[in-house]
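When reading the values below, keep in mind they use all heavy atoms of this one structure, side chains included, and skip hydrogens, waters and symmetry mates. Remember, predicted model here, so these are calculated numbers, not experimental data.
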Amino acid sequence: MRPTPHKSLAATAFAVAALAAVSLPATPASAAPAPAARTAAACTPTQVVANGGFESGTSPWTQSSTSVITNRAGESAHGGTHFAWLDGVGSTHTDTLSQSVTIPSGCSSAKLTFWLHIDTAETTSSTAYDKLTAKIGSTTLATYSNLDKNTGYVQKSIDVSGFAGQTVSLAFTGTEDSSLQTSFVLDDLALDTSGGTTPPGDSTRTPAAPSYTVSLSSNTSGTNWTGHESATFTNASATALSEVYLRLWDNYHGSCSAMPITVTNVTGGTAGDLSVACTALKVTLPAPLPQGQSATIGFDLGIAVPSGADRFGADGAFNNIGNALPVLAVRDAAGWHLDPYTNNGEAFYSLAADFKVTLDHPNGLLVPATGTSVDTPGSSGRTVTTATASKVRDFAWAAGPFSKISGTSPAGTAINIYSVSGISSSSAQSMLSTAKSAVDTHAARFGAYPYGELDAVIDNNYWFGGMEYPGFVLDLVSTTALTHEIGHQWWYGIVGDDEYNNPWLDEAFADYSTDLAQNQTGTNCWNSVSWASSAEKITNSMAYWDAHSSRYSTVVYGYGKCALHDLRRVLGDSVMAKLLKDYATSHWYGVSTTAEFKAAAQAATSTDLTSFWTQHRIDG
């Protein structure tokens, strides 16, 4: 959870008076059943671009100026009277036009079409001075320029089937250089979906029940780690698995020519090309893996921690190693989820897995990590830390000459606080006290904390405020931020979600949980909501928020938690408390969706919540 600049601190944005929170017994939920597989939705052909002919005003388009959607003289419409006119100024200039679209997951075909007219005063036949870029989410679909000038409209058609099941921003950006105009004129846009169901044809998430075994050895400073990783998994889907994908998330922090995460000598499959900015590696299996069958792939792994106080980075002698272990991507009815890394929030979507990670390091480095750790003597001057974790979505660790203090919460959870240099002993003790209180408070509401110990690394240089991993968090000296990060142990850790396409399901829920833990009622905070555009919704994906980053924290954290406070007003305190406890139990170690939460909330009340979801812009 990382809005800019300090996402964790957003938890106080709408807080007001005190809440006598309703607590429920902290009963274990580890035996809760996994969510049942759902039947793939049938495709209802539809057209998802609204006002594609620009004849109904400007909504829901977001335009860089009021003159983009127009009927002014100088250009003409393809149909009707209005069109979108980007650029045509004849000097350095940029125009943008976008709207959020949701492409249904049940359809195998999705096609974007639009009519484009380009006229220009440029005379060159070889240089693209002025350009129009069409994007969906963060993916560039096509680029046109002054070299593509034409005397009338030409229809363009682009296959966007790969975005089925996603809510993404459809955006056009026109740029002109310092002289000689080029006009890019758009009209009659449509995005039509049709045809069958999108492979694999069911909603089963696979590869399921992953088990990772990792053995790594570090250099003297803990900035470089080398060794081996293996991943065993089962195909839960009726559709055979011909390949799997490994997410090498931290290659975002380097480049394809200088990758911080390197995978070599793959066994159990054939490594293909890297994709998605070298954060996804396809591994083709020797033969298609049928439903219920298991397989193992292995590979040599190298990790080079870059400089910088980031979730993957070195703050001086202190190394944060988050998202560094390759994990299996998820395939469901929408296909493989290969979303890009986002530095604005999270893109991580993985299934609950078991990890056994052995970290060989110098004695002078402490190594807090996900799971329960045991240290044994290694070779001369070295220690072997073995961390084991069950039913976690990821594994992270740190390495450095930390100061460490420990304690146990009243309910029995072991807490370790690791501080970098510059953190006072009183601040460390305060964070230990906060962690003890937060883990027990959240557990009482949502179900017992299942991960044994909880490690927190405290560093006031974190630009992002805080970051959550199962059983392991990074944080500033902040009571609110640490309470929020520990709330993520439930909302993302235990109750999973697709963080790229549904970020509100972990961030809003963690912020709401933080308010409850800090006795903040949130009363009437939903009346302070002010939407920036008709396309802005609590349930928008990170593709939208990366394009509107200044609004991410306000809407997803602030408006999201206030919607939950308002839902508590509608349902009543005790019903809302039971809803969240029951919902956590029914999705324990599973994956939550917006549709499932809405259905659970509706089942808890006789009040029709349709207008409630519309008011709060909660789609899905």
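One N or O on the side chain of Arg72 and one on the backbone of Ser67 form a donor-acceptor pair closer than 3.5 Å. For Arg311 (side chain) and Gly322 (main-chain N/O), no donor-acceptor pair under 3.5 Å exists by modelled atom type.
His488 and His484 have perpendicular rings, their planes meeting at more than 60° on a 0 to 90° scale where under 30° would count as parallel. Between Phe114 and Phe172, the two ring planes are perpendicular [angle over 60°; tilted spans 30° to 60°].
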Dump the intermediate steps for side-chain hydrogen bond (donor to acceptor under 3.5 Å, both in side chains) on Ser255 and Ser257, then the final yes or no.
-> CA-CA 5 Å; Ser255 67; Ser257 60; 3.1 Å; yes
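Exactly one of Asp250, Asp394, Thr279 qualifies for a side-chain hydrogen bond (donor to acceptor under 3.5 Å, both in side chains) with Asn323. That residue is Asp394. Under the side-chain hydrogen bond (donor to acceptor under 3.5 Å, both in side chains) test applied with Ser64, the options Asp95, Thr173, Thr94 reduce to a single match, Asp95. When the options Ser169, Ser100, Ser98 are evaluated for a side-chain contact (heavy atoms from CB on, under 4.5 Å) with Thr62, the one that passes is Ser98.
If you look at Tyr559 and His616, their ring centroids are not closer than 6.0 Å. Aromatic rings of Tyr557 and Tyr552 (six-membered ring for Trp) have centroids within the 6.0 Å cut-off, being under it. Aromatic ring centres of Trp115 and Tyr153 lie farther apart than the 6.0 Å criterion allows.
With hydrogens and angles left out, the side-chain atoms of Glu55 and Thr81 include a donor and acceptor closer than 3.5 Å.
In this structure, Asp273 places its CG atom where only 12 or fewer heavy-atom neighbours from other residues, nucleotides or ligands lie under 6.0 Å away.
In this structure, Arg617 forms a cation-pi arrangement with Trp531, its terminal cationic atom sitting closer than 6.0 Å to the ring centre and no more than 45° off the ring axis.
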